[in-house]
Structure formats: structure tokens, C-alpha cells
There are 2 protein chains.
Amino acid sequence: MVGDSRHMRIGELSERTGTSRRLLRYYEEQGLIAPTRSANGYRDYDEANVDRVAQIRGLLDSGLPTRIIKQILPCLNQPRVIHFSDATPEMLATLEFELDRMTQRIRCLTRNRDAIAEYLAAVRTDEGREADDGHEAVVGVPARA
Amino acid sequence: MVGDSRHMRIGELSERTGTSRRLLRYYEEQGLIAPTRSANGYRDYDEANVDRVAQIRGLLDSGLPTRIIKQILPCLNQPRVIHFSDATPEMLATLEFELDRMTQRIRCLTRNRDAIAEYLAAVRTDEGREADDGHEAVVGVPARA
DNA sequence: ATTGACCCTCACACAAGTGTGAAGGTCTCA
DNA sequence: TGAGACCTTCACACTTGTGTGAGGGTCAAT
């Protein structure tokens with residue numbers, strides 16, 4: 001199957017991903033997406049770019065810089081298939097390093113999220129009563145940077 | 001127990017947390033830490049600030065801006081005890097909102113981390129063989145922003 | 001042929017997090 | 001009393017991700 005060729009210009013991609021045109025161009029400039037160009041200079045995106053952009057946004061929001069996202073994206077190809085032939089040793093090292101960092105981030109976020117969840121639960125339990133005194137609840141602890 | 005009063009100046013805290021003095025002052029300016037001052041103008045930090053700073057760094061690295069960290073830190077007090085009396089409704093709303101965002105971040109990071117882990121595993125399995133052709137492996141999908 | 005809705009590039013601007021350094025105060029030790 | 005190692009504030013500067021707008025093409029519909 002040669003795939004459906006549902007193409008679009010920057011405006012549509014912008015609307016479908018909730019991302020400003022400016023940012024789509026920026027991501028391109030950073031090498032995160034590579035739309036083709038139509039006869040007139042217009043950028044031409046295909047369906048796969050929708051997920052791609054969502055992925056980029058998610059990673060950016062999680063604190064990864066474009067520089068890193070650019071490096072890990074090739075391992076996360078659209079048809080959910082890995083094509084590796086271009087796996088240099090440095091590349092793999094970077095990947096392992098980032099894997100670790102991501103795991104740390106996840107731990108830190110989880111710990112703090114759980115702490116907040118507990119806090120909210122405690123406050124809600126306490127609702128109605130006047131809480132003018134100190135109450136107790138166990139809270140998480142930071143991650144080692 | 002009135003707690004051990006192991007105090008220190010900015011230089012020591014900097015070394016113990018691996019954070020530049022500049023940043024410690026910046027975090028203070030942003031209201032994330034509030035050292036007291038000695039008779040001379042020197043900042044005076046106590047032991048609890050070590051964990052505090054680690055926590056701040058972790059959250060920052062996870063993509064949370066100081067503005068948000070400032071809001072959630074009060075719920076994450078040092079003796080791992082929650083003192084709530086200052087829980088305004090807006091505050092709780094913000095907290096719930098951020099809780100959601102953190103959960104999304106965690107999902108996105110986890111998904112992508114797992115994808116990278118699988119990629120690495122696949123590459124390693126393949127090690128030695130000449131991989132000049134496309135190989136296959138299932139990969140994760142982005143998070144909805 | 002003009003209008004309107006697209007697209008293009010370029011560039012200035014801004015907030016956040018961080019580095020760096022100047023100009024100067026404090027304290028300890030020889 | 002001077003040197004050295006701290007500390008202070010202030011300020012300029014860089015990078016990243018983002019907004020905004022100027023100046024200008026393309027294209028379809030009227």
C-alpha cells in the first residue's frame with residue numbers, strides 16, 4: 001500500500017494540531033518536521049505530520065528541548081516501525097543518556113504529582129471543618145538531579 | 001524537637017546542591033526559597049533547603065515553570081507534613097489543573113521513553129548483523145496536547 | 001481586475017532560565 | 001594591615017520557545 005496522500009497546507013495543520021503557524025515553521029527550522037514544498041513555495045504536509053506535531057508538543061511540554069527531540073524522533077517513526085541503519089554509537093549513547101533523564105523526570109513528576117493528589121484528597125476530606133490548625137499527610141520527596 | 005539548626009551560606013548550599021549561586025538567588029527572587037539573613041547581609045540557609053532546591057531543580061527539569069512550582073511547593077512541605085489553612089478555592093483549582101497536566105506529561109514521557117527503550121533493545125538484539133535494510137519494532141504514539 | 005484568504009520570509013520583541021562580571025562589603029588569618 | 005575567600009547588588013547578555021507584524025507573493029471567486 002502506497003498510503004493515502006491526504007495533504008494539507010500550514011493553515012490546516014495549524015488548526016488540526018492547535019499549533020500556531022509560527023511554531024510549525026519554527027519546528028521545521030529546528031529540523032523536527034520536514035514538509036515538502038508545492039510548486040509555489042507553499043509548505044505541503046501529509047497526514048503523518050499531525051501525530052508528529054502532537055508528539056513534539058508533548059515532549060516539549062515535558063521539558064525536552066528541540067535539540068533532544070530532534071535526536072530521539074528518528075527512533076519514533078510514524079508507521080510505528082523502526083528503520084535503523086543509521087544507528088551510530090554516539091547516537092545510541094545519547095539515546096541511553098536521554099532515556100535515563102526521562103526516567104528521572106518521570107519519577108520526579110510522579111512523586112510530586114502523587115504528593116499533590118494526596119494533598120488535595122486530604123483537603124477534600126477535611127472540607128467543611130475549620131482547618132485552622134496544622135494537619136498531617138505524607139508527602140513525596142525530590143529526585144536526585 | 002526543635003530540629004537541628006545546621007545552617008549554611010550560599011556557597012555551601014551551592015556545592016551541596018550542584019546549583020550555581022546565581023540560580024539560588026534567582027530562585028529566591030522567584031519566591032521559591034526564602035533564606036533568612038545574618039547580621040551582615042549574608043543569606044542564611046538551613047538543612048531543609050537542600051532538599052527544597054533538589055525538588056525545585058527536578059520540577060524545573062521536568063518542564064514546570066517557577067511560577068507553577070511556587071504554587072505547588074507550599075503543599076509539599078519539608079517535614080513531609082501538610083499544613084493547610086491557606087487553601088483558597090482558586091488555589092485548589094490551580095492545583096487540580098496542574099495535577100492533570102503533570103499526569104499528561106508523565107504519560108507522554110513514559111510512552112516515549114518506552115519507545116526509545118524498545119528501540120535500543122531492538123538495535124542491541126540486532127547487533128553484529130548488517131542492518132542495511134528496514135527492520136521492525138512497535139513504537140509508542142504521542143500524547144494528546 | 002480587484003478583493004480576500006491564503007502563503008512566504010524576515011525581523012523585532014519578550015519571558016524564562018542561566019552565565020558572567022563589575023564594584024564593593026565582611027571576615028579570617030598571617 | 002593587607003590578602004584571600006567569602007558575600008552583596010546590579011546589570012548586561014545569551015538561548016529557547018513563542019508572539020506579532022511588515023512587506024510581499026498566489027490563487028480562487030466575484
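Order of the sequence lines sets the chain letters (A, B, ...), proteins ahead of strands, with each chain counted from 1. Everything numeric in this text was worked out from a predicted model, so none of it was measured.
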Partners passing side-chain hydrogen bond (donor to acceptor under 3.5 Å, both in side chains) against [X] (at least two apart in sequence or in another chain):
{"X": "Tyr45(B)", "result": "none"}
{"X": "Ser14(A)", "result": "none"}
{"X": "Arg101(B)", "result": "Asp61(A)"}
{"X": "Tyr27(B)", "result": "Arg57(B)"}

Considering residues at least two apart in sequence or located in another chain, which fulfil the salt bridge (charged side-chain N to carboxylate O under 4.0 Å, His left out) criterion with Arg16(B)?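 Expected list: Glu12(B), Glu47(B).
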Test salt bridge (charged side-chain N to carboxylate O under 4.0 Å, His left out) applied to Arg22(A) - qualifying residues, sequence neighbours left out: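 None.
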Could you point out which residue of Thr36(A), Asp46(A), Asp44(A) forms a side chain to side chain donor-acceptor pair (under 3.5 Å) with His7(A)?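 One option only clears the test, and that one is Asp44(A).
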Restricting both atoms to N or O, compile the protein contacts to nucleotides 1-3 of chain C shorter than 3.5 Å, with distance only.
none

Along DNA chain D, first and last positions that approach a heavy atom of chain B under 4.0 Å: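 On DNA chain D, the outermost contacted nucleotides are dC6(D) to dA11(D).
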Return the set of residues passing side chain to side chain contact (heavy atoms under 4.5 Å, CB included) with Asp114(A) (not counting sequence neighbours), or none when no residue passes.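 Expected list: Thr110(A).
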Quick tally for nucleotides 6-17 of chain C: nucleotides whose base has a protein heavy atom under 4.0 Å get B, sugar-phosphate-only ones S, the rest -, giving BSSB-B----SB
May I have the list of side-chain donor-acceptor pairs in residues 65-74 of chain B shorter than 3.5 Å, sequence neighbours left out?
none

What pairs of residues pass the salt bridge (charged side-chain N to carboxylate O under 4.0 Å, His left out) test when at least one of them lies in residues 29-42 of chain B, not counting sequence neighbours?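 Every pair satisfying salt bridge (charged side-chain N to carboxylate O under 4.0 Å, His left out) with a residue in residues 29-42 of chain B: Glu28(B)-Arg37(B).
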